[in-house]
Q: 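Here it is, the structure, as structure tokens.
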Protein chains: 2
Amino acid sequence: MHRYEAIRAELLNRIRSNVWPPGFSVPREEDLAEEFGVARGTVRRALASLVAAGLLERRKRAGTRVVEPTSHQSTLKIPIIRHEIETQGRQYGYRRLSASDGIITHDHQDLFAGASLRHIVCLHLGDGSPYQLENRLINVDLVPEALNEAFAEISPNEWLLAQAPYSSVRTTMRAAAAHGDAATYLALPTGAPVFVIERITRLDGVPVTHVVMTYSGSQFELVTETDDLRWTRNNPAVIAR
Amino acid sequence: MHRYEAIRAELLNRIRSNVWPPGFSVPREEDLAEEFGVARGTVRRALASLVAAGLLERRKRAGTRVVEPTSHQSTLKIPIIRHEIETQGRQYGYRRLSASDGIITHDHQDLFAGASLRHIVCLHLGDGSPYQLENRLINVDLVPEALNEAFAEISPNEWLLAQAPYSSVRTTMRAAAAHGDAATYLALPTGAPVFVIERITRLDGVPVTHVVMTYSGSQFELVTETDDLRWTRNNPAVIAR
DNA sequence: AAGTGGTCTAGACCACCGC
DNA sequence: CGGTGGTCTAGACCACTTG
């Protein structure tokens, strides 16, 4: 175990055991360094990990304080659908339903106002049965290569991830009732609960793509796991069923 | 702008512009340090931020490589329900529906097998109308103070967050159809789509609490935002492959 | 104004693991 | 075995912010 890990563990202990209760003002870096007999940089690293975990809060001049817990947080990872399905040991299938181009002058969110768009609707299947309906708009001004891609064999999901860089992603999740085309394509009765993920991806503020992904059935689950707090650790979300 | 930020931006640029395509082997730290005219530590910091963002992958001796993009990731934050409702500018309301104690000898997940439990069912309201149904089991062996708390005024959600430390959280989200008690309490017709969050909180592997939160209606949305990549931000590292 | 966290340096040594 | 990333040090200086 490295020194910064040991220090982090000890600090974590003090927080958990309420020796350092919420609101408590933690000693300055220099004092901690002296206490643990290490360089200031090593203490800094331990502290940084606890800040990243949302347990400490630091401000210049004001010092370091233990945070009042107000929320849970964890890292959510949404994999490429093909991988998601294959990880379940099922055969991945893909079907393009429609592809068209056009210029949007107005849309309900004014997201793409004025941009040239490519509109793709497609279906992802697991062992032949519908798994996810993907309804996607691509900003062709930003990703002109999308015009030459038919998306007959490869899904926009996968293609874009490989092609288009992005700087910010906004993801929305909700429960909805299946209706119309979605119900038909997903082979669900109208009104059946479906899990919907909507995502807007931007590059330097400009929308690259907007996608609505509707998952078949209500059995869909997203799992996020926050394991122990480690600095280099990953807490990947797992897709379970 | 700090030096490590400038370096990170430049490296990010090379990755985005495919000057450094996926799989590309990035120069060693020492060479980068020389190229940018900084100390090795400064380059390391820039690289660490890109690793945390999932864009680079590092292995000793093997060097640093640009990762093949395979998924989106972002930080998900689930706030205290009261705050969530109040943030919407609505009046928070709380109603305990039931509270009971017992020992569970067997449960479907064998989660609490053998533990003494406290079972609370309660309702969170926004402007008087049902917002979320909370169905919670608390491990009293770990949190004995819960026995003396009636949860008549304060919700277990809030109480536990203030009282009980935890080391790992497992969150599951799904769409479901409202039925039975849930439908009644949430004033929804049977079969209406509801968003369900299930959470198991552990302290050093031992389950502290298990909660199923059912949100009324389909209007519920969770939003995760991945802003720009910052080092001090809450982007727990993800390498996962 | 001063004290805190934040950045940066120029070194040293270690440990893993691919050649 | 050697080269890479990983850890750690003992300094210096900066900049924010609050008492």
Side-chain angles (χ1 to χ4, degrees), chain A residues 1-12 14-15 20 23-67 229-234, chain B residues 1-12 14-15 20 23-67 228-241:
Chain A
M1 189 191 259
H2 295 235
R3 276 142 104 87
Y4 77 91
E5 288 181 297
I7 294 171
R8 183 184 111 333
E10 170 56 22
L11 301 185
L12 188 54
R14 296 183 187 177
I15 295 170
W20 288 357
F24 181 82
S25 188
V26 172
R28 11 196 292 270
E29 292 178 349
E30 213 169 329
D31 291 347
L32 288 174
E34 193 184 352
E35 179 192 342
F36 291 111
V38 298
R40 192 178 148 220
T42 306
V43 162
R44 273 191 68 71
R45 179 152 186 190
L47 289 171
S49 124
L50 294 173
V51 169
L55 294 175
L56 292 180
E57 193 177 45
R58 320 192 70 188
R59 277 201 314 278
K60 292 182 196 181
R61 172 77 185 168
T64 303
R65 302 189 90 86
V66 177
V67 159
L229 320 160
R230 296 286 293 265
W231 198 62
T232 52
R233 237 203 151 260
N234 46 334
Chain B
M1 189 191 256
H2 296 220
R3 276 143 103 89
Y4 78 89
E5 289 181 296
I7 293 171
R8 181 183 115 325
E10 170 57 21
L11 300 185
L12 188 54
R14 295 184 188 177
I15 295 169
W20 289 357
F24 180 82
S25 187
V26 171
R28 13 196 291 271
E29 293 179 349
E30 213 169 329
D31 291 348
L32 288 173
E34 192 184 353
E35 179 193 342
F36 291 110
V38 298
R40 189 176 151 224
T42 307
V43 162
R44 272 191 69 71
R45 177 154 188 186
L47 289 171
S49 129
L50 294 173
V51 169
L55 295 175
L56 293 181
E57 193 179 44
R58 321 192 71 189
R59 278 201 311 277
K60 291 182 195 180
R61 172 75 186 167
T64 303
R65 302 190 91 86
V66 177
V67 160
D228 207 0
L229 321 160
R230 296 289 291 267
W231 196 65
T232 53
R233 263 203 109 250
N234 302 337
N235 26 9
V238 168
I239 307 169
R241 255 179 166 261

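To find a chain, count down the sequence lines: A is the first, B the second, and so on, and within it residues start at 1.
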Q: Which whole-number value in Å describes the distance from Arg44(A) CZ to dG11(D) C1'?
A: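 Those two atoms, CZ and C1', are 15 Å apart.
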Q: Just how far, in rounded Å, is P of dT9(D) from CD of Glu30(A)?
A: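 It is 14 Å, rounded to the nearest whole Å.
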Q: Counting only side-chain N and O atoms of Thr42(B), is one of them less than 4.0 Å from OP1 or OP2 of dT7(C)?
A: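 For Thr42(B), the contact criterion (side-chain N or O under 4.0 Å from OP1 or OP2 of dT7(C)) is not met.
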Q: Under the 3.5 Å rule, do the base of dG6(D) and the side chain of Arg40(B) count as making a donor-acceptor pair?
A: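 For Arg40(B), whose side chain was compared with the base of dG6(D), there is a donor-acceptor pair (under 3.5 Å).
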Q: Starting at atom CZ of Arg45(A), determine the distance to atom P of dT9(D), rounded to an integer number of angstrom.
A: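 Roughly 12 Å, once rounded to whole Å.
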Q: Please determine whether a side-chain nitrogen or oxygen atom of Tyr4(B) lies at a distance below 4.0 Å from atom OP1 or OP2 of dC8(C).
A: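 It does not, given that no N or O in the side chain of Tyr4(B) lies less than 4.0 Å from OP1 or OP2 of dC8(C).
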Q: Ignoring the backbone of Arg59(B), work out which of dA15(C), dG18(C), dG19(D) is nearest its side chain.
A: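 Between dA15(C), dG18(C), dG19(D), the one nearest the side chain of Arg59(B) would be dG18(C).
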Q: Mind calculating the distance between CD (Glu5(A)) and P (dG6(D)) to the nearest angstrom?
A: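 Taking CD of Glu5(A) and P of dG6(D), I get 13 Å after rounding.
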Q: Are any of Arg28(B)'s side-chain N or O atoms less than 4.0 Å away from OP1 or OP2 of dG3(D)?
A: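 So the side chain of Arg28(B) is outside the cut-off, no N or O lying under 4.0 Å from OP1 or OP2 of dG3(D).
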Q: So Trp20(A) and Phe24(A), would you call those rings parallel, tilted or perpendicular, with 30° and 60° as cut-offs?
A: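 Trp20(A) and Phe24(A): parallel rings.
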Q: Would the distance check show the side chain of Arg58(A) and the main-chain N or O of Thr64(A) forming a donor-acceptor pair, the cut-off being under 3.5 Å?
A: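 The answer is no, because no donor-acceptor pair under 3.5 Å joins these two groups.
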Q: From dG5(D), dG6(C), dC8(D), pick the nucleotide closest to the side chain of His2(A)?
A: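 The closest nucleotide is dC8(D).
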Q: Can you check the Arg3(B) CZ to dA15(D) P distance for me, whole Å?
A: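 In whole Å, dA15(D) P and Arg3(B) CZ are 12 Å from each other.
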Q: Is any side-chain N or O of Arg58(B) closer than 4.0 Å to OP1 or OP2 of dG6(D)?
A: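 For Arg58(B), the contact criterion (side-chain N or O under 4.0 Å from OP1 or OP2 of dG6(D)) is met.
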Q: Rounded to whole Å, how long is the line connecting atom NZ of Lys60(B) with atom P of dC19(C)?
A: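 Value for this atom pair: 16 Å.
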Q: Leu56(A) vs Val66(A), test: side-chain contact (heavy atoms from CB on, under 4.5 Å). Steps then yes/no.
A: CA-CA 5 Å; Leu56(A) 292 180; Val66(A) 177; 4.0 Å; yes
Q: Just verifying a value: how many Å separate Arg8(B) CZ and Leu11(B) CG, rounded to the nearest 0.5 Å?
A: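 Rounded to the nearest 0.5 Å, the CZ-CG separation comes out at 9.0 Å.
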Q: How long is the line joining CD of Glu29(B) and P of dG11(C), in whole Å?
A: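 Atom-to-atom, Glu29(B) to dG11(C), this comes out as 16 Å.
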Q: Just compare dG18(C), dG5(C), dT18(D) and give me whichever is closest to any side-chain atom of Arg61(B).
A: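 Output: dG18(C).
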Q: Looking at every strand, decide which applies to Gly41(A) at a 4.0 Å heavy-atom threshold: base, sugar-phosphate, or nothing.
A: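 Since no nucleic acid heavy atom lies under 4.0 Å of Gly41(A), the category is nothing.
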Q: Determine the sole option in Glu35(B), Glu30(B), Glu34(B), Glu29(B) for which the salt bridge (Lys or Arg N to Asp or Glu O under 4.0 Å) test with Arg40(B) is passed.
A: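 Output: one option passes, namely Glu29(B).
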Q: Find the distance Glu57(B):CD to dG6(D):C1' and express it as a whole number of Å.
A: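 Checked: the CD to C1' distance equals 16 Å.
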Q: For Thr64(A) and dT4(C), is the shortest distance between a side-chain N/O and OP1 or OP2 below 4.0 Å?
A: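 Thr64(A) to dT4(C) OP1/OP2: no side-chain N or O under 4.0 Å.
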